[in-house]
Engineer: 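Got a structure here, written out as structure tokens. Questions coming.
Please read these numbers as outputs of a predicted model, since none were measured by experiment.
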Amino acid sequence: EAVLAKLADRAGQRLRLCGLLAGEVVVIVGRRDGAPSFVCRRRFEEPIDDTFILHRVVAELLASYWHGENVNFLAVTLSDLRVPTHQLRLGGIREQTCFFVMRSLDAICSRYGASSVFLGRLFPVIHTDDAPDRIGFRKVEGIDDAQ
């Protein structure tokens with residue numbers, strides 16, 4: 001669960017860095033017993049870039065499909081990407097607060113490193129290689145850049 005949260009956290013950071021919103025999240029779980037991987041997805045009522053929402057949704061998806069089997073592969077994919085319209089959303093202070101909190105966390109991590117500030121649920125995996133930093137098309141950040 002902590003690895004999945006770390007993947008969702010990075011996906012949210014990249015989404016905000018690119019100035020995009022996601023309309024859907026997809027979680028893929030591969031099991032070690034050779035059983036087929038399962039893919040679960042959820043569409044958002046409104047496109048989001050909020051890591052707190054991503055964490056909640058990926059945890060719900062995992063809980064609904066995973067029953068404690070050994071896992072050898074996890075992936076979080078955001079799709080239906082859109083450029084924000086910058087139209088103010090109804091909903092009040094919570095959305096505005098989350099927006100500024102997430103942007104502030106992104107700025108701190110960008111300046112001082114990814115593990116300088118993180119959510120508590122990431123603590124078990126923040127300094128491990130349990131979730132190597134991979135982005136689309138299997139490009140591994142830091143390794144492929146050096147070649």
Side-chain angles (χ1 to χ4, degrees), residues 1-31 36-66 69 71-147:
E1 292 169 354
V3 171
L4 192 65
K6 187 174 180 180
L7 294 171
D9 190 64
R10 277 203 223 118
Q13 286 176 345
R14 288 191 181 111
L15 196 62
R16 289 185 299 278
L17 181 65
C18 293
L20 297 171
L21 300 172
E24 181 179 51
V25 62
V26 179
V27 175
I28 304 168
V29 180
R31 296 177 13 193
S37 298
F38 63 81
V39 178
C40 40
R41 61 185 70 231
R42 181 161 312 155
R43 292 201 56 76
F44 301 110
E45 289 181 25
E46 290 186 34
I48 62 142
D49 66 355
D50 186 329
T51 298
F52 295 115
I53 294 172
L54 281 174
H55 278 224
R56 180 179 48 80
V57 170
V58 298
E60 289 171 1
L61 289 171
L62 183 67
S64 64
Y65 289 95
W66 179 63
E69 304 90 351
V71 171
N72 67 354
F73 178 80
L74 282 172
V76 172
T77 302
L78 301 175
S79 61
D80 191 16
L81 302 180
R82 303 174 188 183
V83 176
T85 62
H86 300 292
Q87 181 176 352
L88 293 177
R89 295 184 207 162
L90 295 177
I93 194 73
R94 184 201 178 283
E95 284 79 12
Q96 293 173 1
T97 302
C98 285
F99 174 84
F100 291 113
V101 168
M102 297 313 311
R103 294 294 190 282
S104 298
L105 290 175
D106 291 345
I108 292 168
C109 289
S110 176
R111 182 167 184 172
Y112 297 106
S115 62
S116 56
V117 177
F118 54 88
L119 299 175
R121 70 181 62 163
L122 300 179
F123 184 75
V125 295
I126 200 68
H127 294 293
T128 69
D129 289 331
D130 288 343
D133 199 9
R134 299 184 191 274
I135 53 179
F137 305 106
R138 302 283 182 230
K139 178 177 185 266
V140 179
E141 198 170 297
I143 294 173
D144 291 340
D145 295 339
Q147 296 177 354

Engineer: State which residues pass side chain to side chain donor-acceptor pair (under 3.5 Å) with Ser79; sequence neighbours excluded, sorted by chain then number.
Structural biologist: Glu24

Engineer: Rounded to the nearest 0.5 Å, how far does CZ of Arg56 lie from OG1 of Thr51?
Structural biologist: 12.5 Å

Engineer: Do any N or O atoms from the side chain of Arg16 and from the backbone of Gly12 form a donor-acceptor pair under 3.5 angstrom?
Structural biologist: yes

Engineer: What are the two closest non-hydrogen atoms of Gly30 and Ser37, and how far apart are they?
Structural biologist: CA-OG, 3.4 Å

Engineer: For the CG atom of Leu20 and the CG atom of Asp80, what is their distance to the nearest 0.5 Å?
Structural biologist: 11.0 Å

Engineer: Check His55 against Ala5 and note the closest heavy-atom contact, atom names and distance.
Structural biologist: NE2-O, 3.3 Å

Engineer: Could you check Trp66 against Val71 for side chain to side chain contact (heavy atoms under 4.5 Å, CB included), going step by step and ending with a plain yes or no?
Structural biologist: CA-CA 9 Å; Trp66 179 63; Val71 171; 3.4 Å; yes

Engineer: Do Leu61 and Val25 have side chains that get closer than 4.5 Å, going by heavy atoms?
Structural biologist: yes

Engineer: Taking the side chain as every heavy atom from C-beta outward, state whether Ile53 and Phe44 have any pair of such atoms under 4.5 Å apart.
Structural biologist: yes

Engineer: Of all the heavy-atom pairs spanning Leu15 and Ile48, show the shortest one and how long it is.
Structural biologist: CD2-O, 3.3 Å

Engineer: Over all heavy atoms of both residues, which pair between Glu1 and Leu62 is shortest? Give the atoms and the distance, please.
Structural biologist: CG-CD2, 3.8 Å

Engineer: For Arg42, give me all partners under salt bridge (charged side-chain N to carboxylate O under 4.0 Å, His left out), at least two apart in sequence or on another chain.
Structural biologist: Glu60

Engineer: Only one of Leu54, Leu21, Asp49, Val26 clears side-chain contact (heavy atoms from CB on, under 4.5 Å) with Leu78; which?
Structural biologist: Leu54

